[in-house]
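Step one of this worksheet: look at the structure below.
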Amino acid sequence: MNSTTMNMEIYLQLTQFYQDYAAAVDAADWDSWIEMFADDCTYRIQSRENHERNLPMAALSLDGKGMLKDRIYGITETIFHDPYMQNHVIAAPRILGLSPDLIEAQANYAVFRTKNDGIAQVFNVGRYIDRIRQTADGLRIESRICVFDNDMILNSLIYPI
Amino acid sequence: MSNDTRIPLQPVWDQPDTSRIPFKVYTDEQTHQQELEKLFYRNHWCYVGLEAEIPEPGDFKRTVIGERSVIMVRDNEGMINVVENVCAHRGMRFCRKKHGNAKELVCPYHQWNYDLKGNLQGVPFRRGVKQDGEVKGGMPKDFKPAEHGLTQLRVAQRGGVVFASFDENVEPFEEFIGPQMLHYFDRLFNGRKLKLLGYNKQRIPGNWKLMQENIKDPYHPGLLHTWFVTFGLWRADNRSELKMDEHHRHAAMISTRGQGGKNAQTTNVSSFKEEMKLNDPRFLDVEVEPWWNGPTAVMMTVFPSVILQQQVNSVSTRHIQPNGHDSFDFVWTHFGFEDDTPEMTERRLRQANLFGPAGFVSADDGEVIEFSQEGFEQKPFHRSLAELGGREIEETDHMVSETLIRGMYEYWRKQMEV
């Protein structure tokens, strides 16, 4: 742990932030999702295989809020896909580094997918590797890398994880 | 084909040509087993990987040909070997790591060990065990290790790409690809060393042939894929050509990007979005590379196992790995070239957002394949239609044709004898 000591307030704030994130993506509330990021953010969805072998390829690799907006336009307007619901179960965060303006944290996640005529499936399981800024407006994601364990994506991955 | 709703017992192809494709070719498990035998295990070269994936002696990668597990491994002399991942002793699929480095190949069950060419080196207790001054057990005296190696496949390498075949009598690789397609193969793999960027993998619940057809179908990209049509990457008014080898099994769709935007061609295309502008234009920060020699996209299907992609700066191989008649794994290996600048590597990675299971463009393809399979399964007595551009099979200088699909099925019928 870095210089600043962890306190209950920061931990609760961070936990609430993670649950707010889950609620936003599960509700397909994409405006809220985008607003949780810093303007110069990084967002990646990367297989554990690529991540552990230091291969840069990712299933999705977005830099900056502009790319996040383009992705949302893609999933709502341009990509043809089977509609599905998401349900995120995010474990308690593990804080690895803390300074007055930055939290480095990780949390395991499981995402269940339910299609219109279907039954919930385990869709994507992994770990968020995060850098989260403490700003005057609250917490903002500087970088989120979703490292997933699945060797195969079940056909297509449309919505953010 | 009749509208009879009974499921036919025999493989049916009652049309003289291939402008109608029976759904049964996608739904019948027995047909699938025959395809594995006749198309993947005999007579064809199948993709296994890139030399750049195993740069050092002892490096290996586990992959598949059809539904058989194989290991691509570089030996101490630097040669690339491909062996089947089944122990010669008790048949165990012994290699469990996806990749790694090894001095020898060992089956943990009874520690039979093989050199990196697949030759059997040692058998524990081959000469039995000594007890009370007597030798007990062991292999018979006439046991010949040379006869019990791993199945060694034939290997072909060209431009840094590795193909293998279980068939000892398969024709030379260059003849298999044919001179027309070799031209486009060599355009992409022109001798520069490749740099591995990583993988994207997806499991698509559809028959594997649908993926070949998807890349032999230039009709859909300008309609299904909003990104392609809006930004002019692939649409009917682009300058383009459809080419095949003499057997019509392999093909290339060659296209040169137009200006995008609105014109007469887009008025009937509902996926065209005139108002669509990127918030971040870096997704399409295309830089023309000298080796393109014109075309901005060449999509090549090598039958039956791989698709070779150049879409502007995004280059990749897409490996088709069937599992059953109604599912396949689709493994994308993205790469660059040794002389790429950091900016070019960045560009290739960014443009990769268009492709793969989450791609702005390619996510659509996996979805339509899944739903096509659903349609086939519900009425296997029916057939699909592929007569855009006529019922003949010919090369074209436009993309409003399904000629490449008809060509593939002409070849398929000959091979499958139906």
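Just so it is clear: chains get the letters A, B, ... in the order the sequence lines come, proteins before strands, and each one is counted from 1. Just so we're clear, the structure is a prediction, and the values are computed from it rather than from any experiment.
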Would you compute the distance between atom [atom1] of [X] and atom [atom2] of [Y] and round it to the nearest 0.5 angstrom?
X	Y	atom1	atom2	result
A/Phe80	B/Thr226	CZ	OG1	11.0 Å
A/Asn50	B/Tyr199	CG	OH	8.0 Å
B/Asn200	A/Ile153	CG	CD1	6.5 Å

Can any side-chain N or O of B/Arg282 pair as donor or acceptor with the backbone N or O of A/Met67 at less than 3.5 Å?
->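 No; zero donor-acceptor contacts below 3.5 Å.
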
Is a side-chain N or O of B/Asn353 found less than 3.5 angstrom from the main chain of A/Leu60, in a donor-acceptor match?
->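 Pair absent, no side-chain N/O of B/Asn353 close to backbone of A/Leu60.
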
Which bit of A/Tyr159 comes within less than 4.5 Å of chain B, counting heavy atoms only: side chain, backbone, both or neither?
->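 The answer is neither part of A/Tyr159.
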
Could you tell me which of [options] has the largest number of non-hydrogen atom pairs under 4.5 Å with chain B?
options	result
A/Leu154, A/Asp82, A/Leu62	A/Asp82
A/Arg53, A/Lys65, A/Gln46, A/His81	A/Arg53
A/Gly74, A/Ser47, A/Ala58	A/Ala58
A/Asp63, A/Asp70, A/Thr78	A/Asp70

State, to 0.1 Å, how close [X] and [Y] come at their nearest heavy-atom pair, and which atoms those are.
X	Y	result
A/Arg71	B/Gly359	NH1-C, 4.2 Å
A/Lys69	B/Asn279	CB-ND2, 3.4 Å
B/Phe360	A/Ile79	O-CG1, 3.6 Å
A/Ile158	B/Ala363	CD1-CB, 3.9 Å
A/Ser156	B/Glu367	OG-OE2, 3.0 Å
A/Leu55	B/Leu197	CB-O, 3.5 Å

Let me know if [X] has heavy atoms under 4.5 Å from chain A in its side chain, its backbone, both or neither.
X	result
B/His99	side chain
B/Lys98	side chain
B/Arg350	side chain

Evaluate whether atom [atom1] of [X] has more than 12 neighbouring non-hydrogen atoms of other residues, nucleotides or ligands under 6.0 angstrom away.
X	atom1	result
A/Tyr84	OH	yes
B/Glu338	CD	yes
A/Leu12	CG	yes

Starting from the C-alpha separation in whole Å, work towards a yes-or-no answer on salt bridge (charged side-chain N to carboxylate O under 4.0 Å, His left out) for B/Glu370 and A/Lys115.
-> CA-CA 13 Å; B/Glu370 179 173 348; A/Lys115 290 194 173 189; 3.4 Å; yes

Pair A/Asp151 + B/Arg203, salt bridge at N-O below 4.0 Å |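 Salt bridge: no.
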
Any side-chain heavy-atom pair from B/Pro205 and A/Asn155 closer than 4.5 angstrom?
-> yes

